[in-house]
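Notes follow the structure.
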Amino acid sequence: MAGAIAARATLVARPAPADISARLAMLPLAGAPVAHPVSISWDAHQIPFVTAESDTDLAAALGVVHGHLRLGQIDLMRRLSQGRVSELIGPLGVELDRTIHLIDLSRAVPGIIASLPPATLAWAKAFVAGLNHAVAASPLPYECRLLGVRPAPFTLADFFTLARLVSADISWMVGARLLRVQARAGAGWAALWPKLLAGGAPPTLDDPDDAAADLLARHVRGGSNSAAIAGFRTAHGSAMIASDPHLGLGLPNNWLIAGVRSPGFACVGLMLPGMPFMALGRNDHVAWGGTSLHAASSELIDVSSLPDSDFSERLVQIRVRGAGSRVLRLLESPFGPVVSDGLLLKSDRRLALRWVGHAPSDELSAMLGVMRAASFEDFTAALDGFAVPGQTMLCACADGRVGKRVAVHMPRRPLGEPSDLVMQPEDAWDFSDIAGGADMPVWEDPADGIVASANEQPDKGDIPLGFFFSPPDRAHRLREVLAAPGLRTIEDMRALPLDVLHVGALPVRDELLRLIDAAPADFVTCLKGWDGRYDAASRGALAYELLIGHLMRRLFPADTVSGYNAVWGTRLLLLREMRQVAPPLVEHAMAVVLNDVVEGWRRWRDWGGVHRYQPAHHFSALPVLGRRYRSAAFPAPGGDDTLHKTGHGFVTGPHFVRFGACARHVSDMADLDANYFVLLGGQDGWLGSANFYDQVPLWKRGTYIAVPLAERSVRARFTHETVLRPGLCPGPAGAGGPRPP
């Protein structure tokens with residue numbers, strides 16, 4: 001079927017180049033589901049600022065905006081969340097669909113909708129109505145034309161199921177890899193498991209055995225940096241914040257930038273396509289950011305010993321392109337859905353999944369509350385209802401205060417580390433004993449005026465929040481930069497996400513240098529002189545990474561490397577292992593790999609010679625024609641453990657960055673207009689749009705787009721004016737012309 005889609009790509013014309021005027025002419029303005037006209041102003045990057053007379057009109061207009069910019073992306077995400085990939089790619093998608101149906105992302109959706117507060121329900125309904133206006137009256141996106149599908153109208157259930165997809169548990173990706181490692185390790189697993197508890201989350205997105213995990217990981221908030229600094233440490237006395245979320249680096253980008261103003265909201269920020277809230281941003285009073293908590297919100301339970309009478313069967317019919325339909329027979333256990341015969345959490349044992357996200361919760365109300373917050377107390381109170389995915393949320397206030405809190409609902413497990421990856425039924429937690437947001441830690445007004453988060457292990461409390469965390473290097477670096485002598489400026493905050501220094505690499509470098517006997521003098525000099533910075537032009541970073549990569553692959557069998565590769569702490573863990581190896585063996589391994597290391601160092605010249613970006617549309621996976629959907633490759637600064645996150649595994653040659661920082665946000669609370677954003681890609685998901693890729697040059701230069709909040713500044717900057725007009729049914733696109741084909 002991939003070949004058939006590729007063949008279709010030769011017949012379906014790619015969209016003609018479209019400047020912003022051409023794109024905005026496609027915007028369905030007439031007959032919108034609003035009670036009053038809504039102004040949507042756009043800047044040169046097609047970033048919208050929406051001004052509405054009511055909050056529900058604002059939500060509807062945001063739905064239109066999301067549909068205009070990202071309808072193809074949102075529709076594909078909806079199909080993935082509902083296990084409907086087979087509709088697009090045929091039998092090859094059946095097992096992926098089975099996996100999604102096994103996890104049952106929609107399980108809690110009826111309860112979520114039934115329990116929504118009236119204002120939140122009205123907001124969600126209005127957003128879906130706006131999105132459906134775009135579905136009915138916008139031109140068909142290229143992705144849909146190529147696949148030969150037309151998006152159906154969205155429902156509330158569609159929306160909240162999609163919301164559960166973007167709330168998927170990062171521990172599923174860890175478990176997917178560790179289950180395979182456990183199966184291969186056999187009797188050695190008992191010794192390996194405690195070592196692996198030092199860290200945990202998939203470091204890369206290019207494992208060929210992890211197609212399902214990688215597809216989910218592109219939508220899961222798996223990493224991020226965020227830091228805020230109090231007013232007494234800044235040059236002007238107000239707090240500042242800088243955040244950069246880490247996700248898969250595909251096109252269109254996983255984020256879009258927007259500004260809004262209505263009676264209840266005045267914000268600028270980053271939004272996930274199809275989600276009507278700002279996950280990172282600021283209003284008049286507070287700014288907020290967040291990072292993945294790496295929360296242990298799920299548990300795998302071995303239900304193999306339960307009698308057959310304890311299980312029930314759930315039947316799901318799916319449509320398969322070119323092959324009719326199929327009925328999937330899915331097992332239910334007393335502890336949750338049985339997931340072990342799917343692609344993601346595959347096992348020879350019968351394993352059930354217990355996930356906090358299978359119970360109703362109200363993240364939408366929580367985030368709308370954050371968008372309205374007028375103080376740190378409002379911010380923390382709003383997040384009490386936020387259950388999944390677990391986040392560490394940071395706040396910077398116009399009055400100079402800063403703080404952070406854990407936003408998650410968690411089972412009340414006993415303190416201590418779990419005895420194994422998979423639990424026995426008698427040890428499983430139940431939904432009657434879940435700790436809510438009010439039970440979670442809050443840190444406010446720290447004495448040093450700095451709050452920071454980078455997926456590191458939080459301070460231990462009464463409830464275990466997780467078991468696998470990133471190394472603390474990035475969090476330490478955030479604090480180190482912000483705590484430097486002198487008052488911080490907005491320029492300091494704008495530079496923070498661009499930082500490529502990894503001080504922790506230098507002691508390891510020194511240890512490796514002691515193992516080198518007969519290396520060329522220029523190589524040794526370069527390595528000795530390396531300052532720990534992963535600039536794209538750094539020869540020292542290349543020498544260090546090649547040395548680590550070749551040495552570890554020589555010292556340890558593939559199964560050991562892949563086991564440690566299941567966790568963020570791969571390097572730390574394997575270096576600890578190396579120190580347990582007899583010195584003569586390590587020295588011999590170094591002597592064997594050194595020629596290859598030096599040869600590669602000379603051939604590729606610098607870090608950017610092997611470590612490269614190539615943002616690519618998801619159609620880049622098509623055979624033969626996939627190259628049509630790939631951008632030109634360019635050097636990538638940063639690495640696994642730098643603030644400028646560009647993920648990679650062990651390096652032995654050229655590779656592309658598939659996971660890392662994909663957006664940036666900086667705000668200075670002293671100035672309504674001092675808000676800066678940039679995407680690795682562009683704002684518009686329409687192939688051929690001038691705004692599909694236009695922010696990449698800014699990303700390369702480390703510059704930003706200013707997105708003001710003050711009304712006068714908005715009028716001056718957002719100069720492309722469009723107005724949604726109310727009506728009973730979808731009208732023509734643009735300014736009243738015929739509907740585009």
Side-chain angles (χ1 to χ4, degrees), residues 108 112 115 166-171 200-201 220-228 241 243 277 279-280 286-299 354-371 373 375-397 401-418 429-446 450-470 472 475:
I112 292 173
S115 60
V166 300
S167 300
D169 195 339
I170 195 171
S171 66
V220 174
R221 285 173 267 182
S224 305
N225 303 316
S226 190
I241 194 168
S243 303
F277 58 83
L280 298 87
V286 303
W288 60 94
T291 71
S292 172
L293 178 62
H294 289 188
S297 299
S298 296
E299 200 161 77
R354 179 146 288 188
W355 175 38
V356 171
H358 280 151
S361 55
D362 186 7
E363 289 72 26
L364 180 54
S365 290
M367 292 311 301
L368 294 176
V370 168
M371 290 169 61
S375 65
F376 180 71
E377 288 73 22
D378 290 348
F379 165 83
T380 57
L383 289 166
D384 282 350
F386 194 104
V388 291
Q391 301 285 295
T392 301
M393 295 291 292
L394 279 69
C395 180
C397 302
R401 300 175 65 195
V402 295
K404 66 178 180 178
R405 66 155 298 167
V406 168
V408 73
H409 292 184
M410 292 291 291
R412 296 183 188 274
R413 297 184 179 95
L415 289 172
E417 295 175 339
W429 52 268
D430 62 66
F431 285 111
S432 66
D433 195 16
I434 301 292
D439 299 309
M440 297 301 149
V442 176
W443 299 267
E444 56 184 303
D445 301 323
I450 298 170
V451 289
S453 178
N455 319 119
E456 78 283 7
Q457 184 170 358
D459 296 338
K460 292 185 181 295
D462 297 332
I463 301 168
L465 297 176
F467 308 109
F468 299 99
F469 300 96
S470 293

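What you see is a predicted model, and the numbers here were worked out from it, not measured in a lab.
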Side chains of [X] and [Y]: does their closest heavy-atom pair fall under 4.5 Å?
X: V406; Y: F386; value: no
X: H294; Y: F468; value: no
X: D445; Y: F376; value: no
X: V408; Y: S297; value: yes
X: V370; Y: L383; value: yes
X: M440; Y: L465; value: yes
X: L293; Y: T291; value: no
X: P389; Y: D169; value: no

Measure across [X] and [Y] and return the closest heavy-atom pair with its distance rounded to 0.1 Å.
X: S224; Y: G290; answer: CB-O, 3.7 Å
X: M393; Y: A279; answer: CE-O, 4.3 Å
X: G385; Y: A366; answer: C-CB, 4.5 Å
X: I450; Y: P446; answer: O-CG, 3.5 Å
X: A382; Y: G369; answer: CB-C, 3.6 Å
X: A373; Y: V286; answer: O-CG2, 3.7 Å

Checking [X] side chain against [Y] main chain: does a donor-acceptor pair fall under 3.5 Å?
X: R354; Y: W429; result: yes
X: D433; Y: D430; result: no
X: R405; Y: F379; result: no
X: H409; Y: D384; result: yes
X: E363; Y: A387; result: yes

Enter the distance from [X]:[atom1] to [Y]:[atom2] here, rounded to the nearest 0.5 Å.
X: E444; Y: T380; atom1: CD; atom2: OG1; result: 7.0 Å
X: S453; Y: L394; atom1: OG; atom2: CG; result: 6.0 Å
X: L364; Y: I112; atom1: CG; atom2: CD1; result: 10.0 Å
X: S167; Y: W355; atom1: OG; atom2: CH2; result: 6.5 Å
X: I463; Y: I434; atom1: CD1; atom2: CD1; result: 9.5 Å

(request) Verify the distance criterion only: is there a donor paired with an acceptor across the side chains of S226 and S243 at less than 3.5 Å? (result) yes

